Amino acid sequence: MWSVIDTFKDPQLVKHLAEQIVLVSKNMELITIMHVCGTHEHEISRYALRQLLPPQIDLIAGPGCPVCITPASMIVAANKLAMMDSKHLLVTYGDVMRIPVPGGSLSDTRSQGADIRIVYSMLDAIKLAHENPDREVIFFSVGFETTAAPVASLLLGVLPNNFSIYPCHRYVPTALQALVKEDPIMRINGFLLPGHAAIITGGKVYEFLPHEYGRASAIAGFEPSDILNGIWSIVKQIKEQKTMVDNCYKRAVRFTGNPKAQYYLNQVFKKDIAAWRGIGDLPDTGFELKSNFDHINAKKRFQIKEDNVEDVMPGCSCPQIMLGHLKPSSCPLFSISCTPITPKGPCMVSQEGTCRAHYVFKEI
Ligand code: SF4
């Protein structure tokens, strides 16, 4: 049965958009477009969209996978929390379990006897806390504003006394700001902005890209025609020298975002400097719990310290891949010792990781 979503996969529409991109970019010099969303990379690789683009358009992946950018120090601290007391029950998302860090992943720690379980959402974690009143249930939550907003809304509700959270949430717009500041020579000409995250923030928060840095940008959804439409807009903006934030995902994103979600975020979190794995500390990119949530802040409740831990695993090129300096196939470990079954770096773990997407869909 033909669904509404199938409309955005329509081969004729996709072909038409690809032709328009070829047409508008004719005689233009190299155009580098970065996307910052793991789901975009997954869909671009899955539908082989790069193969529809002309050679002068280089579509690169940025730091858009939350599992990839979660600092190793926080995984090590989560391991400590799980091992600290037999009463502790650490819960997290499935992909987080397999993130490689020095000393072993959460999955390795579980095999040593710690009680670490997989949940699909914070609701599952709260349910576990109700079902285990004699345990301390600690939710290790990762993700961008898309995940942080529903987490914040639940933290404002009534929670069981044996529930706490160890959050690693990151904010995309200020991370992009840090990236473009480091790119004075315009290596990146345009940004394909993340549709999920923009549902929360809207497009207005990205206006610094055209206004301060002259970069073209478009918010895009996740179907093949959504992505090509965003790329077409970016190329047109560059050609016409009229950069803007073009909302190409109007069926989901309002330009000022979702006010309720923003309210929840502002009630619960404050922005702070935060570590991005392999990239370093970026100002105002971390969602830190406000002090009135100290009682459910696992870091404070159990006095956990995040030690300095090496973020880059031996031989792994994840930092260069997340910054778009290298493609996964340039990493000497890619598909040899590093595969989705045996990930050596975080970019090979999650469905949103660039290395994994390139491995699974045989992207060159
Ligand atoms: Fe890291 Fe593996 Fe990707 Fe190489 S292929 S950069 S080791 S995740």
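Each ligand, and each atom within it, is numbered from 1 in the order the structure gives. None of these values were measured; they are calculated from a predicted model.
Against a heavy-atom cut-off of under 4.0 Å, Gly345 is close to the following atoms of ligand 1: 1 (Fe), 8 (S). The atoms of ligand 1 that sit less than 4.0 Å from any heavy atom of Ile321 are 6 (S). Residue-ligand proximity, Cys338 to ligand 1, at heavy-atom distances under 4.0 Å covers atoms 2 (Fe), 5 (S), 7 (S), 8 (S). Atoms of ligand 1 found under 4.0 Å from any heavy atom of Phe334 (numbered from 1 in listed order, with element): 5 (S). Of all atoms in ligand 1, numbered sequentially from 1 with element shown, those under 4.0 Å from a heavy atom of Met348 are 8 (S).
Under the 6.0 Å distance and 45° angle rule, Lys270 does not count as a cation-pi partner of Phe287.
By the 30° and 60° cut-offs, the orientation of the rings of Phe222 relative to His196 is parallel. Under the 30°/60° scheme for interplanar angles, the aromatic rings of Tyr166 and Phe140 are found to lie parallel.
At the top of the distance list for atom 1 (Fe) of ligand 1, counting protein heavy atoms only, stands Cys316 SG, 2.5 Å. Shortest contact from atom 8 (S) of ligand 1 to any protein heavy atom: Cys318 SG, 3.4 Å.
The proximity of Cys331 to ligand 1, defined as any non-hydrogen pair under 4.0 Å, is limited to the side chain. Heavy atoms of Thr354 found under 4.0 angstrom from ligand 1: none, in either backbone or side chain.
Enclosure of atom CD in Gln56 by more than 12 non-hydrogen atoms of other residues, nucleotides or ligands within 6.0 angstrom is indicated.
With hydrogens and angles left out, the side-chain atoms of Asp246 and Ser233 include a donor and acceptor closer than 3.5 Å.
Side-chain contact between Phe139 and Leu89 is absent, with no heavy atoms from C-beta onward closer than 4.5 Å.
Note: Phe361 and His42 meet the aromatic proximity criterion, with ring centroids under 6.0 Å apart.
In summary, Cys355 places no N/O/S atom under 2.8 Å from atom 4 (Fe) of ligand 1, failing the contact criterion.
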